[in-house]
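Inspection log for the structure reproduced underneath, given as structure tokens.
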Amino acid sequence: MTVNDYLDSAALDELLEKWAAATNMIAVVLDDEGNFLSNKLGFSRNNIEAFGEDIEVDEVIVASVIGGPLDEDMDEEVVESAAQLLVMSIQNLMEASYRKAQYEETMSNFTSEIQGAATLIKELTAKSQGLKKIENKQNILALNASIEAARAGEAGRGFTVVAHEFGKMANESGVINDSIQKTLHKLDVSIRDLGDF
């Protein structure tokens, strides 16, 4: 991310204009390649360059402030003090703009991830409903097998055991599937709550 991606140029220009009006000094902000980030405000390096300070964001030099007094007789200590205040203000502005841009990017990624998770939950819910249909069919087959085993009498006794186990398996898979559906519902509610955040 370059300084141009996050810098609030209007706020920077306003800060520089107010500072110039209050101090009778002029300053500009340049990016790390020497391009103007602020209004020039009549600035000329030939006649005004009493101070120059780098601006860092996340320990990387992203800009510099150059300026000086319009009155050549201005006290050097006054110039230095005013310059320090300006540099600190610009530093704070740039850091705040950078943090805001980072936050917005993080929130955008977070929102995208939430939407992806919500889509996955919907897919899993649909698949879980498919398992419920299979469970119902298993129960019907187990019931039919038990009926046929009872009709067969003594010869169908072994088949009765298989039908009973098949029914138990259908019930157990139903319990597991119900648990999965409840968990998916809780996840869905949590994801929606995060989406509202």
Side-chain angles (χ1 to χ4, degrees), residues 1-15 29 31-33 35 37-38 55-63 89-197:
M1 186 177 341
T2 68
V3 68
N4 289 314
D5 294 332
Y6 59 83
L7 178 63
D8 183 347
S9 297
L12 177 63
D13 287 342
E14 183 181 355
L15 173 67
V29 179
D31 67 13
D32 59 346
E33 295 177 357
N35 301 311
L37 292 173
S38 63
I55 302 292
E56 291 184 6
V57 174
D58 267 1
E59 299 179 10
V60 174
I61 296 173
V62 295
S89 297
I90 293 171
Q91 178 80 39
N92 290 337
L93 173 67
M94 287 195 174
E95 284 180 358
S97 296
Y98 179 72
R99 299 288 175 243
K100 179 182 175 195
Q102 276 187 319
Y103 172 77
E104 288 171 351
E105 184 178 334
T106 299
M107 287 306 295
S108 175
N109 291 339
F110 181 68
T111 300
S112 178
E113 291 295 325
I114 286 175
Q115 291 170 344
T119 299
L120 288 174
I121 288 172
K122 286 178 184 175
E123 287 176 21
L124 289 172
T125 301
K127 289 177 182 179
S128 179
Q129 290 169 351
L131 288 175
K132 187 70 173 169
K133 290 177 184 176
I134 292 170
E135 173 200 347
N136 291 338
K137 287 180 183 178
Q138 285 176 328
N139 280 325
I140 291 169
L141 288 172
L143 182 62
N144 286 340
S146 294
I147 291 168
E148 290 301 320
R151 279 189 196 166
E154 191 62 37
R157 187 175 285 209
F159 198 58
T160 301
V161 172
V162 172
H164 178 70
E165 288 300 316
F166 202 75
K168 270 180 40 181
M169 204 168 60
N171 286 335
E172 288 172 3
S173 66
V175 169
I176 292 169
N177 191 42
D178 287 344
S179 174
I180 290 170
Q181 285 182 340
K182 287 177 185 174
T183 302
L184 286 172
H185 178 71
K186 288 178 186 176
L187 275 172
D188 189 43
V189 168
S190 294
I191 292 293
R192 275 192 256 139
D193 288 347
L194 285 173
D196 293 338
F197 176 67

Any side-chain heavy atom of Val62 sitting closer than 4.5 Å to one from Tyr98? no

When rounded to the nearest 0.5 angstrom, what is the spacing between CD1 in Ile61 and CD in Glu59? 11.5 Å

Measure the shortest side-chain to side-chain distance between Val3 and Asp32 over non-hydrogen atoms and say whether it is less than 4.5 angstrom. no

Interatomic distance, CG@Leu131 vs CD1@Ile180, rounded to 0.5 Å, equals 6.5 Å

My understanding is that only residues two or more places apart in sequence, or in another chain, count here; which of them pass side chain to side chain donor-acceptor pair (under 3.5 Å) with Ser108? none

Taking all non-hydrogen atoms of both residues into account, name the closest pair between Ala63 and Met94 and its distance. CB-CE, 3.8 Å

Measuring from atom CD1 of Ile191 to atom NZ of Lys186, what distance do you get when rounded to the nearest 0.5 angstrom? 15.0 Å

Contacts satisfying side chain to side chain donor-acceptor pair (under 3.5 Å) that involve residues 121-131 (not counting sequence neighbours) are Ser128-Asn177, Ser128-Gln181

Could you give the side-chain donor-acceptor pairs of residues 112-121 under 3.5 Å, partners two or more places apart or in another chain?
residue: Thr119; atom: OG1; partner: Gln115; partner atom: O; Å: 3.0

Which residues pass the side chain to side chain contact (heavy atoms under 4.5 Å, CB included) test with Ala96, not counting sequence neighbours? none

Across all chains, not counting sequence neighbours, the side chain to side chain contact (heavy atoms under 4.5 Å, CB included) partners of Asn109 are Glu105

N/O donor to acceptor pairs below 3.5 angstrom from side-chain atoms of residues 160-170, sequence neighbours left out:
residue: Thr160; atom: OG1; partner: Gly156; partner atom: O; Å: 3.1

So how far is it from Leu141 CG to Ile134 CD1, rounded to the nearest 0.5 Å? 11.5 Å

First locate atom CZ of Arg99, then atom OG of Ser97, and finally report the distance between them rounded to the nearest 0.5 Å. 11.0 Å

May I ask you to decide if Val60's main-chain N or O and Asp58's side chain share a donor-acceptor pair within less than 3.5 Å? no

Going from CG on Leu187 to OG1 on Thr183, what distance comes out if it is rounded to the nearest 0.5 angstrom? 7.0 Å

